*Asks:* 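Structure incoming, see below.
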Protein chains: 2
Amino acid sequence: MDQLSLTFHALADPTRRAILARLAQGEVTVNELAEPFDLKLPTVSKHLKVLQRAGLVSQGRRAQWRPCRIEPEPLKEVSKWMWDYRAFWDESFDRLDEFLTR
Amino acid sequence: MDQLSLTFHALADPTRRAILARLAQGEVTVNELAEPFDLKLPTVSKHLKVLQRAGLVSQGRRAQWRPCRIEPEPLKEVSKWMWDYRAFWDESFDRLDEFLTR
DNA sequence: CAGCTAATTAGCTACTTGGCAGAATACTAG
DNA sequence: CTAGTATTCTGCCAAGTAGCTAATTAGCTG
């Protein structure tokens with residue numbers, strides 16, 4: 001599957017978006033991540049794997065913890081893709097566009 | 001499923017993104033849409049249903065044709081969601097942000 | 001009405017996914 | 001080495017999807 005599809009697929013789940021929102025505020029361990037959800041750990045681990053496959057999340061290693069971190073690159077690609085459609089989502093795009101190209 | 005998940009799911013397929021790209025240039029019938037793909041009509045019709053379920057596409061009626069049109073609302077929601085992560089995808093977000101809030 | 005074209009629906013197969021439980025791995029602490 | 005904690009891996013099941021063919025609906029035209 002191509003990068004953009006992987007990313008959109010990863011984002012197409014509320015649990016995974018919530019995980020991303022949490023990681024946007026800083027590194028968190030898997031247990032801490034799982035805590036607010038009504039899900040078993042292996043399930044959260046699976047969601048993380050989907051996010052990792054998309055490159056949206058990476059995991060480090062500190063003792064037996066594997067702190068998760070958000071990775072920006074795929075979001076940049078999404079925003080690039082979105083930009084081609086700005087005429088459809090940004091009513092004031094022409095003013096903004098005018099400004100940016102100046 | 002929630003709106004954002006439906007939208008991301010619909011976008012997580014190259015064929016469906018290509019369909020959207022085509023529709024961004026104007027209304028097209030289903031047959032015209034299917035033509036560039038190596039897919040049978042029912043398959044394209046199914047993809048269209050996914051896009052419609054997400055609200056990204058609507059179909060009109062002109063005789064026996066059902067011209068498809070792109071709908072902006074879900075893309076707006078995506079761009080709103082993306083905005084919360086601009087720190088992660090837009091290196092110059094702070095300058096832009098500063099401009100927009102002024 | 002009969003015949004034509006446009007498009008969808010139904011039904012099938014193969015594959016993927018989201019959830020779980022239970023076993024396995026990785027590392028720390030004693 | 002043993003016990004304990006953090007995390008992942010392996011199977012399992014139910015549900016969903018992408019593709020196909022064949023059949024059906026909707027509307028035009030002779």
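Letters A, B, ... are given to chains in the order of the sequence lines, protein chains preceding strands, and every chain is numbered from 1. If you're wondering where the values come from, they're calculated on a predicted model, not measured in any experiment.
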*Asks:* May I have the distance from A:Asp38 (atom CG) to C:dC20 (atom C1'), rounded to whole angstrom?
*Replies:*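 In whole Å, C:dC20 C1' lies 12 Å from A:Asp38 CG.
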*Asks:* Roughly, in whole Å, what's the span from CD in A:Gln52 to P in D:dT7?
*Replies:*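 Distance, rounded to whole Å: 12 Å.
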*Asks:* With respect to the side chain of A:Trp65, which nucleotide from C:dG18, D:dG27, D:dA6 is positioned closest?
*Replies:*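 Per side-chain heavy atoms of A:Trp65, the pick is D:dA6.
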*Asks:* Is the shortest side-chain N/O distance from A:Arg53 to OP1 or OP2 of C:dT17 below 4.0 Å?
*Replies:*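 Yes, within the criterion.
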*Asks:* With respect to the side chain of A:Arg66, which nucleotide from D:dC20, D:dC9, D:dT7 is positioned closest?
*Replies:*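 Of D:dC20, D:dC9, D:dT7, D:dT7 is nearest to the side chain of A:Arg66.
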*Asks:* As a test of reading the structure: which of C:dA21, C:dT8, C:dA26 is closest to the side chain of A:Lys40, going by heavy atoms?
*Replies:*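 Of all the options, the side chain of A:Lys40 is nearest to C:dA21.
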*Asks:* Figure out the NZ/P separation between A:Lys49 and C:dG19, and round it to whole Å.
*Replies:*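 Atom-to-atom, A:Lys49 to C:dG19, this comes out as 15 Å.
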*Asks:* Using a 4.0 Å heavy-atom cut-off, does A:Gln59 contact any base of the nucleic acid, only the sugar-phosphate backbone, or nothing at all?
*Replies:*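 Contact class for A:Gln59: sugar-phosphate only.
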*Asks:* For B:Leu33 and C:dA6, give me the distance from atom CG to atom C1', rounded to whole Å.
*Replies:*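 From B:Leu33 CG to C:dA6 C1': 13 Å.
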*Asks:* Side chain of A:Thr29: nearest nucleotide among D:dT7, C:dA7, D:dA22?
*Replies:*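 It is D:dT7.
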*Asks:* OH/B:Tyr85 to CE/B:Met82 distance, rounded to the nearest 0.5 angstrom?
*Replies:*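 Rounded to the nearest 0.5 Å, the OH-CE separation comes out at 10.0 Å.
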*Asks:* Choose from C:dT17, C:dT28, C:dT8 the nucleotide whose nearest atom is closest to any side-chain atom of A:His9.
*Replies:*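 Of C:dT17, C:dT28, C:dT8, C:dT17 is nearest to the side chain of A:His9.
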*Asks:* So which nucleotide from C:dA26, C:dT8, D:dT7 ends up closest to the side chain of A:Arg61?
*Replies:*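 In terms of side-chain proximity for A:Arg61, the closest of C:dA26, C:dT8, D:dT7 is C:dA26.
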*Asks:* Which of these nucleotides, C:dG19, D:dT8, C:dT8, is closest to any side-chain atom of B:Val30?
*Replies:*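 So the side chain of B:Val30 is nearest to C:dT8.
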*Asks:* Without decimals, in angstroms, what is the distance between B:Leu41 CG and D:dT24 C1'?
*Replies:*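 Answer to the nearest Å: 14 Å.
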*Asks:* To the nearest Å, give me how far apart CG (B:Leu48) and P (C:dT9) are.
*Replies:*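 So the CG-P distance, B:Leu48 to C:dT9, works out to 11 Å.
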*Asks:* Are OP1 or OP2 of D:dT7 and a side-chain N or O of A:Asn31 less than 4.0 angstrom apart?
*Replies:*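 Yes, within the criterion.
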*Asks:* Taking atom CD of A:Gln25 and atom CD1 of A:Ile70, what is their separation to the nearest 0.5 Å?
*Replies:*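 Result: 10.0 Å between the selected atoms.
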*Asks:* D:dA6 P sits how many Å from A:Arg62 CZ, rounded?
*Replies:*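 One finds 14 Å between P of D:dA6 and CZ of A:Arg62, rounded.
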*Asks:* From C-beta outward on A:His47, which listed nucleotide comes closest to its side chain: D:dC28, C:dA7, C:dG18?
*Replies:*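 Within the option list, the nearest is C:dG18.
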*Asks:* Taking the side chain of A:Ala63 as its heavy atoms from C-beta onward, which of C:dT8, C:dT28, C:dG22 lies nearest to it?
*Replies:*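 Given the options C:dT8, C:dT28, C:dG22, the side chain of A:Ala63 is closest to C:dT28.
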*Asks:* Please determine, for the side chain of A:Arg16, which listed nucleotide (C:dG18, D:dG27, D:dT7) has the closest atom?
*Replies:*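 Looking only at side-chain atoms, A:Arg16 lies closest to C:dG18.
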*Asks:* Does C:dG19 have OP1 or OP2 under 4.0 Å away from a side-chain N or O of A:Thr43?
*Replies:*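 It does not, given that no N or O in the side chain of A:Thr43 lies less than 4.0 Å from OP1 or OP2 of C:dG19.
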*Asks:* Compute whether any side-chain donor of one residue and acceptor of the other, for B:Gln3 and B:Glu77, lie under 3.5 angstrom apart.
*Replies:*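 Their side chains do not contain a donor-acceptor pair, so the 3.5 Å distance test is not met.
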*Asks:* Between P on D:dA18 and CZ on B:Phe37, what's the gap in Å once rounded to a whole number?
*Replies:*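 One finds 14 Å between P of D:dA18 and CZ of B:Phe37, rounded.
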*Asks:* If you measure only the distance, is there a donor-acceptor pair under 3.5 Å linking the side chains of B:Arg17 and A:Ser5?
*Replies:*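 Looking only at side-chain atoms, A:Ser5 and B:Arg17 do form a donor-acceptor pair, the distance falling under 3.5 Å.
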*Asks:* Would you say B:Ser45 places a side-chain N or O within less than 4.0 Å of OP1 or OP2 belonging to C:dT8?
*Replies:*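 Affirmative; the distance criterion is met.
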*Asks:* Which atom names give the shortest non-hydrogen contact between A:Thr15 and A:His47, and what distance separates them?
*Replies:*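 Scanning both residues, the minimum pair turns out to be CG2-CD2, 3.9 Å.
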*Asks:* Nearest nucleotide by nearest heavy atom, which residue falls closer to the 5' end of DNA chain C, B:Pro42 or B:Gln64?
*Replies:*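 In this pair, the answer is B:Gln64.
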*Asks:* Show the nearest heavy-atom pair for residues B:Phe88 and A:Pro72, with the distance to one decimal.
*Replies:*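 Closest approach of B:Phe88 to A:Pro72: O-CB, 2.6 Å.
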